[in-house]
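Letters A, B, ... are given to chains in the order of the sequence lines, protein chains preceding strands, and every chain is numbered from 1. Keep in mind it's a predicted model, so treat the numbers as computed, not measured. Basis for what follows: all heavy atoms, side chains included, without hydrogens, waters or symmetry-related copies.
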Amino acid sequence: MGNEVRVRFAPSPTGYLHVGGARTALYNWLFARNRGGKFLLRIENTDVKRSSKEMEEYIKEAMLWLGLNWDEDIVYQLERLEIYRKYALELVEKGLAYYCYTPPEELQKEGGGVECHEVNPEDYSEKPLAIKFRVPDEGTTEFDDIIRGHIRFKNEDLGDFVIVRSDGIPTYNFAVVVDDHYMGITHVIRGEDHISNTPKQILIYRAFGWKVPEFAHLPMILGPDKKRLSKRHGATSVLEYRDIGILPEALFNFLALLGWSPGDNREIVSKEEMIRLFDLKRVGKRAAVFDLDKLFWINSEYIRMKSDEEIYELALPFMEKAGLVKSDEDREKFKKVVPLLKERVKLLKDFVDLSEYFFKDVEKYDEKGVKKHFKEGVEERLSLLVEKLKAIETFDEKSIEKAVRSLADELGISAAKLIHPTRLAVTGRTFGPGLFELMAVIGKDECIKRIERAIDWIKAQRRD
RNA sequence: GGCGCCAUCGUCUAGUCAGGCCAAGGAUACCUGGUUCUCAGCCAGGAGACCCGGGUUCAAAUCCCGGUGGCGCUGCCA
């Protein structure tokens with residue numbers, strides 16, 4: 001246990017788990033698994049007004065969905081208030097921290113700028129006092145960041161800072177140190193936005209005489225406009241990606257490679273490989289833009305790697321939610337549809353759009369397709385095809401193809417001239433899986449019905 | 001403003017620590033051609049980057065300095 005690696009992810013339950021936080025958690029997780037250490041979860045709920053149990057549950061759900069399991073009991077900051085208080089008092093006794101008073105009116109002001117000077121607690125015994133940490137006027141505080149190398153701050157630039165608020169709740173910088181020490185954290189892996197907090201935290205470690213952990217500050221994740229990723233860039237919550245049909249393995253792979261690379265040219269890397277190869281020293285320094293296109297591409301790769309059965313199970317809920325699959329019969333049909341569409345989808349939810357005509361009547365025909373394929377004389381050709389189809393006994397891919405091609409031969413036209421109008425008649429669309437396999441799934445009677453309906457529709461159009 | 005971090009194709013990146021193998025490699029996205037009944041895919045090809053300026057060196061994407069730009073922090077938020 002002495003040199004066991006222990007890392008943590010410490011979200012505050014004030015919002016959903018967004019992709020930036022997820023990547024931080026993921027790197028902590030990979031690092032712990034790589035080193036055979038422990039990955040811990042701490043809920044930083046000291047911002048009582050904005051924290052909620054609901055958000056905590058969402059965060060845990062998102063982590064588990066991604067496969068980021070934590071090893072020990074969750075630590076809740078709010079349950080540890082007396083402990084922070086005790087340690088803060090210890091610093092006051094040592095003269096390393098002091099009480100200060102600010103009139104309540106002043107505290108209402110948003111955005112800080114509140115002045116507060118050292119006071120004698122006995123003179124203010126009835127009034128709420130905050131505790132401030134005393135930063136040395138001189139010298140520097142330095143550390144070696146695993147990712148960024150040596151970083152130095154002048155103490156005079158830091159300035160005294162509040163460690164316990166007048167309501168008795170500790171501030172982030174103080175609670176983090178007390179908790180990380182208590183949890184035995186050996187490596188603090190977090191976002192680059194915490195670099196400037198690090199010297200303050202180191203000063204606190206030293207004030208207690210505690211061992212300072214290693215630090216690794218990860219680059220930020222940006223939106224396409226190079227601004228910090230936020231809601232206005234669209235989906236940022238991990239669960240939103242689940243809900244459009246991103247596979248957890250795909251998001252995991254994508255996020256892991258956003259800032260880190262195993263060094264070879266691979267883009268698709270299994271979780272096991274990542275655990276084996278992960279190295280904080282190979283994490284990049286510069287902020288990365290979150291590229292949806294690449295995520296979608298990775299997702300389509302993962303979809304293709306899975307078996308038809310697995311994809312059926314994963315996509316079924318999307319189909320049921322959309323109301324396309326309602327019965328056992330529908331489910332049987334969808335099982336046959338999956339292999340036809342698996343290579344054509346980027347997201348699981350794409351199955352809904354692309355498979356609609358398997359489950360519903362064709363209500364309209366693609367406009368451009370009509371101009372291109374429903375030309376003079378198609379209705380006769382389609383009628384002849386219907387006759388051929390009616391004669392088929394076993395309505396499978398082969399026999400359908402034979403029927404279509406032989407008719408084309410007899411008419412002296414290219415098969416394409418028959419195939420495209422038929423696809424439009426049967427699916428309403430100009431693109432999709434191979435016509436013969438698609439028709440086999442839809443079934444003989446339904447195909448004939450749809451073609452006849454199309455013939456009627458075309459004739460009706462001619463009259464207008 | 002102050003302090004800090006960062007800077008390779010549109011995007012993700014390899015290469016930077018240990019300067020030459022880099023007239024900069026891969027992936028994605030984009031364009032073209034091939035394959036197929038269409039689409040997707042697949043195959044082949046194309047266009048596309050070392051932020052700028054100095055310096056060190058026989059040699060710099062790589063080291064040093066300056067500038068510029070982006071981001072972060074600057075709260076009794078985390």
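Between the CD atom of A:Q201 and the P atom of B:rC77 there is a distance of 16 Å, rounded to whole Å. Remark: P of B:rC6 and CE of A:M220 are 13 Å apart, rounded to the nearest angstrom. Across the protein-nucleic acid pair, A:D144 atom CG and B:rC5 atom P stand 12 Å apart, rounded to whole Å. For the pair A:L438 CG and B:rU38 C1', the computed distance is 11 Å after rounding to whole Å. Distance, A:I400 CD1 to B:rC37 C1': 14 Å, rounded to whole Å.
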Requested in this report: Would you please test A:N197 and A:Y172 for side chain to side chain donor-acceptor pair (under 3.5 Å) and show each step?
Outcome: CA-CA 10 Å; A:N197 286 322; A:Y172 164 77; 4.8 Å; no
Query - Full working for side chain to side chain contact (heavy atoms under 4.5 Å, CB included) between A:D180 and A:Q201 - result: CA-CA 10 Å; A:D180 282 343; A:Q201 294 172 16; 5.5 Å; no
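Counting any heavy atom pair closer than 4.0 Å across all strands shown, A:K417 reaches no nucleic acid atom. Contact annotation for A:S12: backbone-only contact, meaning every heavy-atom pair under 4.0 Å involves sugar-phosphate atoms and none involves a base. Residue-level contact check: A:R152 touches the backbone only, with heavy atoms under 4.0 Å from sugar-phosphate atoms and none from bases. Contact annotation for A:T46: backbone-only contact, meaning every heavy-atom pair under 4.0 Å involves sugar-phosphate atoms and none involves a base. Residue contacts for A:H217: at a heavy-atom cut-off of 4.0 Å it reaches no nucleic acid atom on any strand shown. In this structure, A:L435 reaches the bases: a heavy-atom distance under 4.0 Å links it to at least one base atom across the strands shown. Residue-level contact check: A:R429 touches neither bases nor backbone, having no heavy atom under 4.0 Å from any strand.
Map A:F436 and A:F161 each onto its nearest nucleotide of RNA chain B; the residue landing nearer the 5' end is A:F436. Residues A:A416 and A:Q77 each lie close to RNA chain B; by heavy-atom proximity, the contact nearer the 5' end of the strand is made by A:A416.
For the OP1/OP2 pair of B:rA78 and a distance below 4.0 Å, the side-chain nitrogens and oxygens of A:R165 include at least one atom meeting the criterion. A close approach under 4.0 Å does not occur between any side-chain nitrogen or oxygen of A:R190 and OP1 or OP2 of B:rC73.
For A:Y27 and A:H187, the ring centers sit 6.0 Å or farther from each other. In summary, the aromatic rings of A:W260 and A:F31 are positioned with their centroids too far apart to meet the 6.0 Å limit. The ring of A:F133 has its center no closer than 6.0 angstrom to the ring center of A:F174.
Distances were taken from every side-chain heavy atom of A:R405 (C-beta onward) to each of B:rG72, B:rC76, B:rC37; the shortest belongs to B:rC37. Considering only the side chain of A:I419, B:rC37 comes nearest among B:rC5, B:rA78, B:rC37. Listed candidates were B:rA78, B:rC39, B:rG2. Nearest to the side chain of A:D157 is B:rG2. Closest to the side chain of A:V162, out of B:rA78, B:rC76, B:rC71, is B:rC76.
Salt bridge A:E44/A:R8: absent, no basic N to carboxylate O contact under 4.0 Å. Looking at A:R450 and A:E446, a side-chain N of the basic residue comes within less than 4.0 Å of a carboxylate O on the acidic one, giving a salt bridge. Note on A:D279 versus A:K281: no salt bridge recorded, every NZ/NE/NH1/NH2 to OD/OE distance being 4.0 Å or above.
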Report task. Using a 4.0 Å cut-off on protein heavy atoms (strictly under), produce a 5'-to-3' string for nucleotides 40-53 of chain B with B for base contact, S for backbone-only sugar-phosphate contact, and - for none. Result -> BSS-----------
Requested in this report: Take nucleotides 9-14 of chain B nucleotide by nucleotide from the 5' end and write B, S or -, depending on whether a protein heavy atom sits under 4.0 Å from the base, only from the sugar-phosphate, or from neither.
Outcome: -BSBBS
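In a base pair of the Watson-Crick type (N1 to N3 plus N6-O4 or O6-N4) or a G-U wobble (N1-O2 and O6-N3), with each distance short of 3.5 Å, B:rU38 is matched with no nucleotide. Base pairing analysis places B:rG19 opposite nothing; no Watson-Crick or G-U wobble pair with both distances below 3.5 Å involves it. When both distances must be under 3.5 Å, the Watson-Crick or G-U wobble mate of B:rA49 does not exist. The base-pairing partner of B:rA61, taking Watson-Crick or G-U wobble contacts with both distances under 3.5 Å, does not exist among the strands shown. B:rC77 is unpaired under the Watson-Crick or G-U wobble criterion, no partner having all donor-acceptor distances under 3.5 Å. The partner of B:rA24, taking Watson-Crick or G-U wobble pairs whose two distances both stay under 3.5 Å, does not exist in any strand shown. Pair check for B:rA14 finds none; no Watson-Crick or G-U wobble contact set falls under 3.5 Å. Both distances falling under 3.5 Å, in either a Watson-Crick or a G-U wobble arrangement, place B:rC3 opposite B:rG72.
Rounded to the nearest Å, the gap between the P atom of B:rC64 and that of B:rG26 is 29 Å. Annotation: B:rA47 and B:rC30 have their C1' atoms spaced 9 Å apart (nearest Å). Here the separation of B:rC73 from B:rU28, taken at their C1' atoms, is 33 Å to the nearest Å. Taking atom C1' on both nucleotides, B:rC5 is separated from B:rA18 by 25 Å, rounded to a whole Å. As rounded to the nearest Å, B:rU16 and B:rG25 have C1' atoms that lie 15 Å from one another.
For A:T171 against B:rC76, a side-chain-to-base donor-acceptor contact under 3.5 Å is absent. A donor-acceptor contact under 3.5 angstrom links the side-chain atoms of A:S166 to the base of B:rC76. With hydrogens and angles left out, the side chain of A:R423 and the base of B:rC37 share a donor-acceptor pair within 3.5 Å.
Formation of a donor-acceptor pair under 3.5 Å by the A:N299 side chain with backbone atoms of A:L251 is not found in this model. With hydrogens and angles disregarded, a donor-acceptor distance shorter than 3.5 Å links the side chain of A:R148 to the backbone of A:H217.
With no hydrogens or angles considered, a side-chain donor-acceptor pair links A:E310 and A:S307 at under 3.5 Å.
Among residue pairs with one or both ends in residues 404-420 of chain A, those qualifying as salt bridge (charged side-chain N to carboxylate O under 4.0 Å, His left out) are A:K388-A:E410, A:E401-A:R405; sequence neighbours excluded.
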